[in-house]
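The next block holds one structure in the form of structure tokens; read it before the comments.
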Amino acid sequence: MDWYSIVKFLHVVSAILWVGGGFVLFLLGVLAERAGNIEDKLLAIRASGQLGGRFFAPTSMLTLVFGLIMCGFWVGFADLWIVIGLVGYATTFSIGMLIFKPTGERMGAMIAEQGVTPAALSIGQRMMNWARLDYAVMLVIIADMVLKPTLHDVGILAGMAMVVALGAALAFGGSRQMVPSAA
């Protein structure tokens, strides 16, 4: 076995933990949202916030570091698929650090102070909306790493653009407000 295979293995394992773990929490939130279950939705959102800095940020950084090592020693940085991967990573990392982290902290503080209020649920909904876009970008990153498109792969590149556009439309195209019903 060579060093490239070891680094590639670590890159893939880190990516699976990062993307897969987050996707499970996102899916739990979506299922709770569709069922109208506010408690389960809040549980998934809280878990995302708690795991963000302790699990998702470190596994995403390991994914990046192992990818950069592969590029630096073996692959290079000139190929389009590398650039797309790095831009996708920067996008999803920025969403995590600039949206998920502060929004989750703000929502947690509101719930601790005032309980579950429509305002807190609205903040949680914004996180769910951004998660839709975030996972569209992650899907593009995964497709990019597997398919390794060049400028000549117009269909693949168009498909990737459509996935991001669909993710943005699902995230911001309509209101999916989940507020407690009067019982």
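Just so you know, these numbers use all the heavy atoms, side chains as well, and skip hydrogens, waters and symmetry mates.
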Residue pair [X] / [Y]: nearest heavy atoms and the distance that separates them:
| X | Y | answer |
| --- | --- | --- |
| Ala143 | Met160 | C-CE, 3.9 Å |
| Ala136 | Gly167 | CB-CA, 3.6 Å |
| Ile156 | Pro149 | CG2-CB, 3.9 Å |
| Gly52 | Pro58 | O-CD, 4.3 Å |
| Val30 | Met128 | N-CE, 3.5 Å |
| Phe172 | Leu133 | CE1-CD2, 3.9 Å |

Are any of the side-chain heavy atoms of Leu28 and Asp40 separated by less than 4.5 Å?
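Result no, sub-4.5 Å side-chain heavy-atom pair not found.
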
Less than 4.5 Å apart, side chain to side chain, heavy atoms only: is that true for Met61 and Tyr89?
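Yes; the side chains approach each other to less than 4.5 Å.
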
Inter-residue atom distance [X].[atom1] - [Y].[atom2], 0.5 Å rounding:
| X | Y | atom1 | atom2 | value |
| --- | --- | --- | --- | --- |
| Phe93 | Leu64 | CZ | CG | 8.5 Å |
| Ser94 | Ile99 | OG | CD1 | 9.0 Å |
| Lys41 | Met127 | NZ | CE | 10.5 Å |
| Leu42 | Ile38 | CG | CD1 | 7.0 Å |
| Thr150 | Leu157 | OG1 | CG | 7.5 Å |
| Arg126 | Leu121 | CZ | CG | 11.0 Å |

Report yes or no: do [X] and [Y] belong to one cluster of Ile/Leu/Val/Met/Phe/Trp/Tyr joined by side chain heavy-atom distances under 4.5 Å?
| X | Y | value |
| --- | --- | --- |
| Ile16 | Ile142 | no |
| Leu68 | Val12 | no |
| Trp74 | Leu10 | yes |
| Val154 | Leu151 | no |
| Val146 | Met162 | no |

Side-chain donor or acceptor of [X] paired with backbone N/O of [Y] under 3.5 Å:
| X | Y | answer |
| --- | --- | --- |
| Ser48 | Ala44 | yes |
| Asp79 | Trp81 | no |
| Ser60 | Phe56 | yes |

Residue list, side chain to side chain contact (heavy atoms under 4.5 Å, CB included) with Tyr135, at least two apart or on another chain
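Only Val19, Phe23, Phe26, Met138 meet the side chain to side chain contact (heavy atoms under 4.5 Å, CB included) criterion with Tyr135.
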
For Leu17, all residues meeting side chain to side chain contact (heavy atoms under 4.5 Å, CB included), sequence neighbours excluded:
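Applying side chain to side chain contact (heavy atoms under 4.5 Å, CB included) to Leu17 gives Val13, Phe55, Thr59.
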
Taking only residues two or more places apart in sequence, or in another chain, which ones meet Lys101 in a side-chain hydrogen bond (donor to acceptor under 3.5 Å, both in side chains)?
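Only Glu105 meet the side-chain hydrogen bond (donor to acceptor under 3.5 Å, both in side chains) criterion with Lys101.
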
Any salt bridge between Glu113 and Arg106, counting N to O under 4.0 Å?
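No salt bridge links Glu113 with Arg106.
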
Got a sec, which pairs hit side chain to side chain donor-acceptor pair (under 3.5 Å) with one end in residues 3-26, sequence neighbours left out?
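For residues 3-26: Asp2-Ser5.
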
How is the hydrophobic cluster of Val83 composed, in terms of its other members, when Ile, Leu, Val, Met, Phe, Trp and Tyr link through side-chain heavy atoms under 4.5 Å apart, directly or indirectly?
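Traced through the cluster, Val83 reaches Val87.
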
What pairs meet the salt bridge (charged side-chain N to carboxylate O under 4.0 Å, His left out) rule with one or both residues in residues 134-159, with sequence neighbours excluded?
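Non-adjacent pairs meeting salt bridge (charged side-chain N to carboxylate O under 4.0 Å, His left out): zero.
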
